[in-house]
Structure formats: structure tokens, C-alpha cells
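Inspection log for the structure reproduced underneath, given as C-alpha cells.
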There are 2 protein chains.
Amino acid sequence: MTLVKKTPTIQDVARFANVSTATVSRALSSPERVSEQTRARISEAVRVTGYTPNQSARSLRQRTARTILVALPDIGNSFFSVILDAVEREAASRGYGVLVANRFPRMDSGLRMRDYFLSNRVDGLLLLDGSVDLEQLMMLTGDPTPVPLIVACEEIPNAPFHTVKTDNGYAAERATRHLIDLGHRRIGHIRGPDGNVLTGEREQGYARAMQAAGLDICPEWLLPGGFEMEVGRAAAGRFIAIADRPTAIFAANDESAIGFISGLRQHGLDCPGDVSVVGFDDLVLAAHVWPPLTTMRQPRAALGRIAAGALIDLIEGERRSRVPMHMVLSSEMIVRGTTARPPAPTAPASPSSAQVVR
Amino acid sequence: MTLVKKTPTIQDVARFANVSTATVSRALSSPERVSEQTRARISEAVRVTGYTPNQSARSLRQRTARTILVALPDIGNSFFSVILDAVEREAASRGYGVLVANRFPRMDSGLRMRDYFLSNRVDGLLLLDGSVDLEQLMMLTGDPTPVPLIVACEEIPNAPFHTVKTDNGYAAERATRHLIDLGHRRIGHIRGPDGNVLTGEREQGYARAMQAAGLDICPEWLLPGGFEMEVGRAAAGRFIAIADRPTAIFAANDESAIGFISGLRQHGLDCPGDVSVVGFDDLVLAAHVWPPLTTMRQPRAALGRIAAGALIDLIEGERRSRVPMHMVLSSEMIVRGTTARPPAPTAPASPSSAQVVR
DNA sequence: CCGAACGATGCAATCGATTACACGCCGCCA
DNA sequence: TGGCGGCGTGTAATCGATTGCATCGTTCGG
């Protein structure tokens with residue numbers, strides 16, 4: 001008895017309203033082209049039947065999916081997931097769905113992405129990861145099927161893509177200057193992962209600030225790094241072995257900063273008593289560790305929102321401007337509890353030490 | 001000159017291989033039904049033309065989208081994003097895409113979800129949030145269009161849905177017992193948010209452990225809570241005002257535990273010196289705060305993987321078993337640095353104090 | 001030697017919406 | 001009054017893949 005009622009189609013609506021399907025379609029997509037009365041009859045019919053347009057049919061005909069693909073290296077990392085949050089919200093507000101592709105560079109990346117596009121499941125790509133294969137990407141975006149693409153957070157060197165990112169270099173400079181202003185003279189740096197663009201940008205910002213203040217950088221102070229806590233903790237091990245230790249560290253991101261601080265503690269050093277630390281990102285976490293972390297805040301929500309918005313603009317206006325656009329958002333210095341004046345020297349620096357204060 | 005080459009269709013492949021489109025389709029979806037040679041010619045043709053099936057067309061015809069919708073309250077929260085990670089991986093491995101709907105309960109939830117289904121964009125729903133409107137959900141899943149649905153992590157009381165979750169009650173019991181075994185007798189609890197199922201389950205587990213050990217619970221020790229760090233910090237304020245303070249706290253999740261510890265510190269109390277704390281979840285963060293947090297690990301990756309797998313099973317075998325299935329994963333006790341023996345009493349407890357050790 | 005059965009393939013309908021084109025009607029202007 | 005230009009609507013083609021049914025050989029059992 002209980003017949004499975006089929007989901008209503010545009011045909012049902014048309015029949016109910018006594019018009020053709022063409023008219024129903026028009027009434028829904030460009031209401032001004034349909035007379036007042038018909039429009040009323042149709043919206044009544046839609047209401048009664050409970051009609052929802054079938055997206056597959058629409059996609060097939062119009063060759064659009066109203067969906068964007070967000071490719072990221074690690075959703076599990078809250079740095080990215082906060083961005084994803086903003087992206088999803090912006091996309092939803094413009095009627096777009098968000099498909100996620102996680103662990104992007106590792107898998108068959110290029111292939112899977114190509115599939116998504118060629119199979120018409122997505123209209124554009126938001127790339128939150130600079131470490132992808134440029135070749136494949138170009139193949140995808142270049143002729144004969146140029147694809148709307150925006151790279152956010154990172155940047156692919158020498159690649160002609162639109163980007164949205166923060167002012168990494170300048171932010172690193174400010175972070176370092178903050179330490180200098182507190183009176184630190186020997187300031188070290190925990191680098192980002194090798195091969196990442198951001199690593200270079202932040203390190204250079206750090207170097208510029210040091211140079212501007214007339215401070216030299218001892219090579220030992222550049223600790224090999226990465227973006228994970230473990231790496232920061234390991235850096236602490238190296239750090240305590242340095243003969244004439246810096247009194248402050250600028251870490252390339254919050255995770256390594258937090259790992260570093262926890263490593264310091266294991267070795268009996270206190271932050272900020274013995275060593276001041278500045279991070280980068282301002283993860284939610286940063287405010288809640290102890291001591292709360294001084295850091296450069298990346299406006300991640302804004303970044304996600306802007307990137308998603310720009311991508312959808314790109315999709316909808318088919319004008320893929322030839323010259324790539326670069327949007328730069330500014331970071332904000334957040335001073336909390338991990339930075340303080342340097343400890344008073346307990347003994348004069350040994351004369352053989354390499355570091356210099358000019 | 002530069003003609004825009006169209007993306008290849010099944011027609012192109014058929015032409016190239018000198019067969020009909022039907023044969024191409026069969027060669028791709030059920031190779032055993034096509035002769036060896038034809039299959040070879042076709043795969044060659046696919047290779048040459050660079051053909052990828054158009055998903056919209058396929059969806060339209062087969063009424064499936066090969067996509068699942070994951071609804072969650074907050075992607076930005078790493079608790080969820082780690083699950084999402086696993087979900088995405090499992091789904092991808094089975095050829096499914098993952099659409100995300102964030103801040104789920106707040107928005108037009110029911111509506112948006114209905115749209116996703118009715119418009120044939122998704123085949124099933126993975127709900128990581130128990131606080132949704134049951135009515136709307138039933139409307140969606142009930143006849144005439146039953147929809148594959150799995151609720152993970154939480155559970156909707158009295159709703160006939162399949163669920164995948166951890167053994168919250170038992171886990172809470174074990175966490176509490178751990179404190180008891182260390183010698184604590186006055187043990188408090190920071191509750192989860194009001195109205196959340198998990199809040200009750202964890203609180204009851206705590207109560208059971210106390211009762212089993214013959215310990216009474218003073219109402220004051222039940223701190224109003226929530227799942228955010230702020231809440232934990234606030235609880236610390238209440239905590240220090242208690243006349244005869246507990247020597248240990250079982251917090252309903254890691255965030256509130258961490259916030260609580262940081263609040264303790266502000267009030268001059270040490271963890272675990274003065275107060276031991278156990279959390280719940282084992283966020284990545286938990287291992288990296290100071291002191292590293294003792295907690296009950298929820299197997300989040302497994303949970304995501306299993307939930308996604310079960311959902312896809314549900315989608316593919318159309319057998320929506322009438323009786324809802326409940327999968328329970330077991331948690332794991334992770335002992336780190338926030339729990340220790342209770343401090344030696346500095347003075348005999350005042351005789352008027354309310355707490356009791358029987 | 002005949003017909004059944006089976007394997008391989010083609011034909012054409014189908015999924016549901018969009019849209020180019022055509023048509024009828026009305027009003028306006030010459 | 002005839003022609004023209006909108007406006008509102010309908011007809012039917014179209015998007016690309018899947019699939020029920022028909023067809024054509026071949027093989028094999030009786």
C-alpha cells in the first residue's frame with residue numbers, strides 16, 4: 001500500500017500549475033520574465049509539491065556544480081580547520097557547497113583533482129597548500145580548460161596564480177622587533193620546514209629586523225625546524241647546547257613555539273624568565289597554554305572568507321584576468337606572557353663567545 | 001586558431017574505439033561483460049582521449065551522487081577536524097566525496113540538509129552533532145524518502161538512528177577510578193554543557209565510580225561546565241571558593257580541563273601538586289600543555305573511519321535495517337602529568353566540613 | 001540438424017532541468 | 001489598417017551516461 005512517493009520534479013510542478021516546464025524553470029531562475037499571476041501559481045505549486053531542483057540535472061545542463069574544492073594538507077590541524085570554517089561559511093552564503101580534499105599533496109593529488117574537475121563535480125579550487133606539483137597544476141589550469149584557482153596562505157613560487165596570504169615577512173620583522181624593543185640582543189629563530197615558501201619569508205623578516213637594529217646573527221641561533229610541536233621540543237635540545245645562548249627566540253609558528261617552551265621546561269629553563277618566545281599564527285591554543293603565548297596573529301577567518309569569495313567571483317565572472325592578483329592581509333601582534341625583558345646577566349659574557357653586540 | 005577543445009565524452013571514446021557508447025559504459029563499470037579485445041581497444045581509447053566520466057550525468061541517471069554530507073558543530077575545533085580527517089580518507093578510498101556543513105545546528109539546518117538530499121547532491125548524512133532538531137531530522141529520514149544517516153560521537157535521545165560512539169560512561173568511570181586509586185577521596189567534576197547527552201553519560205560514570213568506592217559527592221563539587229576552555233577557567237574561580245576543596249577533578253573534556261588548570265594557576269594553585277586533573281578526549285594539544293594532561297583518549301580517527309564506512313555500507317546496500325545499530329568504541333586511559341597522589345593534609349580537616357570519607 | 005542458450009554488442013529511452021527558437025497576442029505608431 | 005516590437009509562454013533539443021531490450025553469432029545438447 002505504502003507506495004514510495006517519488007521526489008517531485010519540475011514536471012510535477014508544471015502540471016500542477018498548468019504551465020510548461022520551461023515557464024517553471026524561468027519563474028525560478030529569472031522571475032521578472034514571468035507574469036505576476038503565473039509566478040504566483042507556480043510558487044504555490046512549488047510549495048504544495050515540495051519541489052527542489054535536482055542539482056545533477058542542472059549541473060549536467062549548465063556545466064557547473066555550485067561546488068568548490070578545498071585542498072589542504074591537514075584538516076586535523078586547527079590552523080587549517082579554522083580557515084575551512086570561514087570558507088565553508090562564505091561559500092554557503094553564496095549557495096556553494098564545499099568539498100574537501102585532505103592530505104593533499106600526498107595522494108594522487110593531481111589525478112584526483114583533475115578527476116574532480118573533468119567529472120564536473122567542482123567549479124573551482126582553493127589550494128591551502130603550496131607544496132603541490134606545479135606541473136600538474138599548470139596542466140590543470142592551463143588551456144584548453146582554464147580552471148578557477150586561488151592559492152591561499154602559501155604561495156607557489158613562480159606560478160601565475162591568484163593568491164591570498166598574510167604579510168609574512170613584515171610580520172616576522174615586527175615579531176623580532178618586539179623582542180629587540182624588550183632589550184634582547186641575542187635572538188634566535190626556529191625555522192619552518194625546509195622547502196616551504198613561508199620558511200624563507202619569515203626568516204628573512206627576522207633577519208631584516210636584526211640587521212635594522214644592528215644585531216648580528218650567529219648561525220648557531222638558526223634552529224632547524226618545522227611546523228610541529230615535536231620539532232619545537234627537539235629544537236630546545238639543540239638550544240640548550242649552544243655555548244652562548246640567545247635570550248629570546250622567534251619561532252616560525254605557534255606549534256613549534258609551544259613545543260620549544262615545553263622542551264625548555266624539561267631542561268630546567270623557564271619562559272619568559274630565562275628565554276622569551278614569540279610564535280606565529282595565534283592558534284586558539286596559544287591563549288591557553290601556560291604561559292599564554294605572545295604571537296603574530298594571522299587573520300585566518302578573514303583569509304578564508306576572502307579567498308572563498310574571490311574564488312567564487314572568479315567562477316561566476318568568467319573573466320579570468322590574465323594577470324594574477326595578490327592579496328595581502330596584515331597580521332597583528334598579540335603580546336601575552338611568553339615575552340619579557342632579558343634576564344640580568346649573572347656573569348660577564350665569556351670573552352671568547354662568538355656573538356656580538358655592536 | 002586556438003579552438004577550445006571540449007572535454008571528452010563517452011561518445012568520443014566510443015567513436016575512437018569503434019563501438020557504441022553502451023559498450024564503453026559497460027567496459028568501464030563491469031569489464032567482465034565485454035570481450036577481451038574490445039576492452040583493450042576501449043581502454044586505449046580512454047587513455048588517448050583522456051576521458052573522465054561526467055559525474056553529473058551519472059548522478060542524474062543513477063540517482064546517486066557518490067558524496068556524503070558531514071554535518072558538524074565546529075570544524076575549527078580540532079576535536080571534530082581530526083574526525084573529519086578520518087572520514088574524508090575513508091570516503092575517498094571508497095570513491096566518495098565529502099561535503100561539509102559547518103555550524104550545523106545554528107543555521108537553517110533542516111532546510112539546508114533537506115535541500116542537499118532532495119537536490120540529489122548527497123547520498124547520506126554523517127551527523128557529528130547531537131543537538132539537532134529531531135522533528136526535522138525525522139521528516140528527512142522517515143518515509144517516503146528514507147535517508148542513510150549515522151550519528152557519530154553523540155547521540156540523539158530516543159531517536160532510531162544508527163550511532164557510532166565511545167563508551168563515555170565507562171570511560172568516565174575509569175577516569176574517576178584512576179583518581180581514587182591515587183588516593184583521592186574528595187573528587188569533583190566539571191560538567192559538560194547542559195542539554196548535551198554526553199554530559200549526563202560522563203557525569204553518571206563519575207558518580208558510579210564514586211559510589212562503587214563508597215565515596216560521597218558533595219553538590220558543591222559539581223561545577224557547571226561546558227566544552228570550552230573559558231568555561232574551565234571560570235570553573236576554577238568557583239572551585240577555589242569551595243570551603244573544603246576537592247583534591248582532584250574529573251573534567252568532562254580536555255578543553256575545560258586545560259582551562260581549569262590555567263585558572264588554578266592564576267589563583268596560585270598548582271596542578272598536580274595541589275589538585276589533580278583528568279580530562280577527556282585526548283586532543284593533540286593534551287600532550288603538549290604543561291603539565292601534559294592525563295586524559296581518556298577517544299579513538300577519534302577510528303571513530304571517523306568506522307562511521308564513514310558504515311554510512312557508505314548503508315548507502316550501497318540499500319538494506320536500511322529497521323533496527324538501529326549502535327557501535328561503541330572503547331576509550332583508553334592516558335596517564336600523563338596532571339594526576340598525582342593527593343597533597344598530605346597540612347592540618348586536620350575542620351570538623352564542621354561537609355565532605356565525608358566513610 | 002534444429003533450437004535453445006549464451007555471450008557480445010548495438011539501439012534508443014531515460015534521468016530532470018535549461019534554453020534556443022518559435023508563436024501568439026497586444027499595443028503603438030505611421 | 002498594417003506592420004513592428006515586446007512580452008509571455010510553449011515546443012523540443014540538449015547536456016552525458018546508464019540500461020532494458022533487441023539482435024546476431026556461436027556453441028552445444030538432444
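Below, chain A is the first sequence line, B the second, and so on; all start at residue 1.
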Whole angstrom value for the distance that separates P of C:dC15 from CG of A:Leu60: 14 Å
Atom pair distance, as rounded to whole Å: CG in B:Leu28 and C1' in D:dT19: 15 Å
Along DNA chain C (nearest heavy atom to each residue), the more 5'-positioned of B:Glu32 and A:Val24: B:Glu32
Within residues 35-45 of chain A, residues whose heavy atoms come under 4.0 Å of DNA chain D: A:Ser35, A:Thr38
Nearest-Å distance for atom pair CD/C1', residues B:Gln11 and C:dG10: 13 Å
Lys/Arg-Asp/Glu bridge criterion (N-O < 4.0 Å) met for A:Glu154, A:Lys165: no
Five-pair end axes of the helix from C:dC1-D:dG30 to C:dA30-D:dT1 and the angle they enclose, rounded to 10°: 50°
Short N-O contact, B:Arg47 and B:Glu44, less than 4.0 angstrom: yes
Proximal nucleotide (of D:dA12, C:dA12, C:dG10) relative to the B:Thr21 side chain: C:dA12
Separation of C:dG10 P from B:Arg33 CZ (nearest whole Å): 13 Å
Heavy-atom pair with the smallest gap, counting every atom of A:Ala65 and A:Ser59: CA-OG, 3.7 Å
Shortest side-chain distance from A:Arg61, nucleotide among C:dC21, D:dC15, D:dA17: D:dC15
Worked check of salt bridge (charged side-chain N to carboxylate O under 4.0 Å, His left out) between A:Asp313 and A:Arg94: CA-CA 10 Å; A:Asp313 287 346; A:Arg94 297 185 60 172; 3.0 Å; yes
Distance-minimising heavy-atom pair for A:Leu69 and A:Tyr116: CD2-CD1, 3.7 Å
Nucleotide nearest B:Arg26 when distance is taken to its side chain, options D:dA17, D:dG20, C:dT19: D:dG20
Residue-phosphate contact under 4.0 Å: B:Thr9 side-chain N/O, D:dG16 OP1/OP2: no
Distance test, side-chain N/O of B:Thr23 to OP1/OP2 of C:dG10, below 4.0 Å: yes
Sugar-phosphate only, base, or nothing, as touched by A:Arg63 at under 4.0 Å among non-hydrogen atoms: sugar-phosphate
side-chain hydrogen bond (donor to acceptor under 3.5 Å, both in side chains) assessment of A:Ser81 paired with A:Ser78: CA-CA 5 Å; A:Ser81 58; A:Ser78 96; 5.0 Å; no
Ion pair A:Arg305/A:Asp85, N-O distance below 4.0 Å: no
Between C1' of D:dA17 and CZ of A:Arg121, the distance in whole Å: 15 Å
From C:dA17, D:dA17, D:dG10, nucleotide with atom closest to A:Asn54 side chain: C:dA17
Value in whole Å for how far the P atom of C:dG16 lies from CZ of A:Arg15: 11 Å
DNA chain C: 5'-proximal contact among B:Ala57 and B:Ala22 (nearest heavy atom): B:Ala22
Whole-Å gap separating P (C:dA17) and CG (B:Leu118): 11 Å
Among D:dA17, C:dT9, C:dA17, the one nearest A:Pro53 by side-chain distance: C:dA17
A:Arg66/A:Glu316 under salt bridge (charged side-chain N to carboxylate O under 4.0 Å, His left out): CA gap, chis, key distance, verdict: CA-CA 10 Å; A:Arg66 306 224 100 204; A:Glu316 296 191 337; 3.4 Å; yes
Short side-chain N/O contact to D:dA17 OP1/OP2 from B:Tyr51, under 4.0 Å: yes
Flag side-chain contact, heavy atom, 4.5 Å: B:Leu99 against B:Val70: no
Non-hydrogen atoms of B:Leu149 and B:Leu311 that approach each other most closely: N-CD1, 4.0 Å
